[in-house]
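Working notes, beginning with the structure itself.
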2 protein chains.
Amino acid sequence: MTDTESPRHEPKGERTRRRILDSATELFSRSGYRAVSLRDIAAHAGLTHSGVLHHFPNKESTLIHVLSRRDEIDAPLVLDPDLGPAELIDNLVRIVERNTRTPWLVSLYVNLSAEATDPAHPAHTYFYGRYRILREHLVPAFAALLEDRAGPSPELAARQFIALQDGLQVQWLLDPGAVDMRAAVVSFLRTLGITPPSAPSTDERHV
Amino acid sequence: MTDTESPRHEPKGERTRRRILDSATELFSRSGYRAVSLRDIAAHAGLTHSGVLHHFPNKESTLIHVLSRRDEIDAPLVLDPDLGPAELIDNLVRIVERNTRTPWLVSLYVNLSAEATDPAHPAHTYFYGRYRILREHLVPAFAALLEDRAGPSPELAARQFIALQDGLQVQWLLDPGAVDMRAAVVSFLRTLGITPPSAPSTDERHV
DNA sequence: GTCTATAGAGGGATAGAC
DNA sequence: GTCTATCCCTCTATAGAC
């Protein structure tokens, strides 16, 4: 897995650091955080566990960097304050599409969000905040898009929308061929009276 | 946590066995399977890890027994072939209600279902089969209850229904006071045109 | 039925050589 | 910047005493 592009004249230290985070991402994705050892990460990145600990002070630090690196990629698609309600929903559907092409990333969040429900988990506050922020962006979007029929409130719709995505990911990981996550999410939006993009966006096909 | 009732003249071996499974359930619920050790389970049950291994051949065996014990309790609410479509949905909503009173049980399934997406996990086939069976019972129920408007197919509705429940559990575990799982599930059913029980059933309140 | 003792593997983290 | 060596801890599982 090459998770991030490498600059042309990248210093060796930076390069190793990136390799370590790529390996940590892949292994945490497969087995969660607690089941993966520093030695596992090191072996995958082609060095010893002491080598890893030269770049990161401890195991937890690698997790934090894995998570924040992901956020740098997704944040503009969700957190941009200039995003209109329909654009935000479009972007979230687009992320579902992309997830279908990145099972390791889906597995990372499925495994970690479950582990992190434990308040003692190092990523607990990260996930607590992640859900809060996502909700804070979804609620006004749903408030704008939902016709006020007898459906759910924007707050409830936001929770349902997020829950649906999370739950679909588990079923999709268990049997990728049997689940069309995008269709399921789009169907839910349509049931709410929101018309989402009907076909996968072509400009995202080759990412 | 006393998870099962104890018969009056229960032999000591059976009693210890039950205590071990109660402890395993509670600890697996809190931290998942892989993060819990036999010594953790043993200490919680008041014996040594060798004592545990007298009653169960290995760690994995405790997990299998924890899972199958839960199924003995829930199966009649879901798998009874004499159940009508509306009754099945009612029972599933009732299970959501009960889950609100048993966070450790919710945590068990959230943690294990995430871990078990890994095909190498000892509970992988268990969860694969569990989702399949649940779907096989939900699809005909939705087929009977869904008016054939432009909504999801019974197959898709079943997946969405299960996904919604799973995803809500994560958000609920992260912030129990902020999430009303029952209301969210009932709202989803109503959006599909299905009228579920409007209030928590009184005969389940004191279980 | 439960214990102690032990084997054998693997974990996170540190010290210091190169 | 990466290594080896080491510390000290925890793990699953087995053997055998009581």
Side-chain angles (χ1 to χ4, degrees), chain A residues 6-7 9-28 30-67 111-112 115-116 118 120-124, chain B residues 6-7 9-28 30-67 111-112 115-116 118 120-124:
Chain A
S6 51
H9 293 303
E10 190 182 21
K12 186 179 179 193
E14 287 303 306
R15 208 180 116 66
T16 305
R17 214 182 134 86
R18 200 170 43 75
R19 238 174 46 231
I20 292 169
L21 289 182
D22 286 348
S23 297
T25 303
E26 183 169 342
L27 296 177
F28 291 159
R30 193 145 56 213
S31 314
Y33 171 71
R34 301 206 240 231
V36 169
S37 72
L38 282 173
R39 285 172 169 85
D40 292 335
I41 298 168
H44 192 277
L47 70 173
T48 64
H49 85 287
S50 302
V52 171
L53 289 172
H54 173 75
H55 294 275
F56 299 91
N58 52 40
K59 185 188 172 189
E60 184 177 330
S61 169
T62 64
L63 173 62
I64 303 304
H65 281 85
V66 163
L67 291 175
N111 274 285
L112 289 183
E115 277 189 351
D118 178 356
H121 194 280
H124 179 76
Chain B
S6 52
H9 293 304
E10 191 182 20
K12 187 181 178 193
E14 286 304 304
R15 209 181 116 65
T16 305
R17 215 182 134 86
R18 199 171 44 74
R19 240 175 45 233
I20 292 170
L21 288 182
D22 286 347
S23 297
T25 303
E26 183 169 343
L27 296 177
F28 290 160
R30 193 145 58 215
S31 313
Y33 171 70
R34 301 205 242 231
V36 169
S37 72
L38 284 172
R39 282 176 168 84
D40 293 335
I41 298 168
H44 192 276
L47 70 174
T48 65
H49 83 285
S50 302
V52 172
L53 289 171
H54 173 75
H55 294 275
F56 299 92
N58 51 41
K59 185 188 172 189
E60 185 177 330
S61 169
T62 65
L63 173 62
I64 303 304
H65 282 84
V66 163
L67 292 175
N111 275 282
L112 288 184
E115 278 188 350
D118 179 355
H121 193 281
H124 180 76

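Fair warning: this is a prediction, and the values are worked out from it, not measured in the lab. We name chains A, B, ... by the order of the sequence lines, and we start the count at 1 in each one. Computed over heavy atoms, backbone and side chain alike; hydrogens, waters and symmetry mates excluded.
One interatomic measurement links the two molecules: CD of A/Glu60 to C1' of C/dA13, which rounds to 14 Å at whole-angstrom precision. Atoms CZ (B/Arg34) and P (C/dG10) sit 16 Å apart, rounded to a whole Å. Separating the CZ atom of B/Phe56 from the P atom of C/dG1 is a distance of 13 Å, rounded to the nearest angstrom. Atom CD of A/Glu14 and atom P of D/dT2 are 11 Å apart (whole Å). Following rounding to the nearest Å, A/His55 (NE2) and C/dG12 (P) show an atom-to-atom distance of 17 Å. Atom CD1 of B/Ile41 and atom P of D/dC11 are 11 Å apart (whole Å). One can place CG of A/Leu53 at 15 Å from C1' of C/dG16, the figure rounded to the nearest angstrom. Summarising the geometry, the separation between CG on B/Leu47 and P on C/dT2 is reported as 6 Å, rounded to the nearest angstrom.
Minimum atom distance to the side chain of A/His54 is reached by D/dG1, of the listed D/dT4, C/dG12, D/dG1. Listed nucleotides D/dC3, C/dT2, D/dA13 differ in distance to B/Asn58; the shortest reach to its side chain belongs to D/dA13. The side chain of B/His49 sits closest to D/dT14 out of C/dG12, C/dG11, D/dT14. Distance from the side chain of B/Thr48 is smallest to C/dC3 among C/dC3, D/dT2, C/dA13. With D/dC3, D/dG1, C/dA13 as the candidates, the nucleotide lying closest to the side chain of A/Lys12 is D/dG1.
Classification of A/Glu14 and A/Arg18 as a salt-bridged pair fails, no side-chain N sitting under 4.0 Å from a carboxylate O.
For the atom pair OH of A/Tyr33 and CD of A/Glu60, the computed distance is 5.0 Å after rounding to the nearest 0.5 Å. Once rounded to the nearest 0.5 Å, the distance linking CZ of A/Arg17 with OG1 of A/Thr62 reads 10.5 Å. A distance of 6.5 Å separates CG of A/Leu63 from NE2 of A/His121, quoted to the nearest 0.5 Å. A distance of 3.5 Å separates CG in B/Leu21 from CZ in B/Phe56, rounded to the nearest 0.5 Å.
Within the 4.0 Å cut-off from OP1 or OP2 of D/dC11, at least one side-chain nitrogen or oxygen of B/Ser37 is found. Under 4.0 angstrom from either OP1 or OP2 of C/dG12 there lies at least one side-chain N or O belonging to A/Lys59. Contact check, A/Ser50 against D/dC3: no side-chain N or O comes under 4.0 Å of OP1 or OP2.
A/Arg39 contributes a side-chain N or O that forms a donor-acceptor pair with the base of C/dG12 under 3.5 Å. Side chain A/Thr16 to base D/dT2: no donor-acceptor pair is found below 3.5 Å.
No contact: A/Val52 has no heavy atom under 4.0 Å from any strand.
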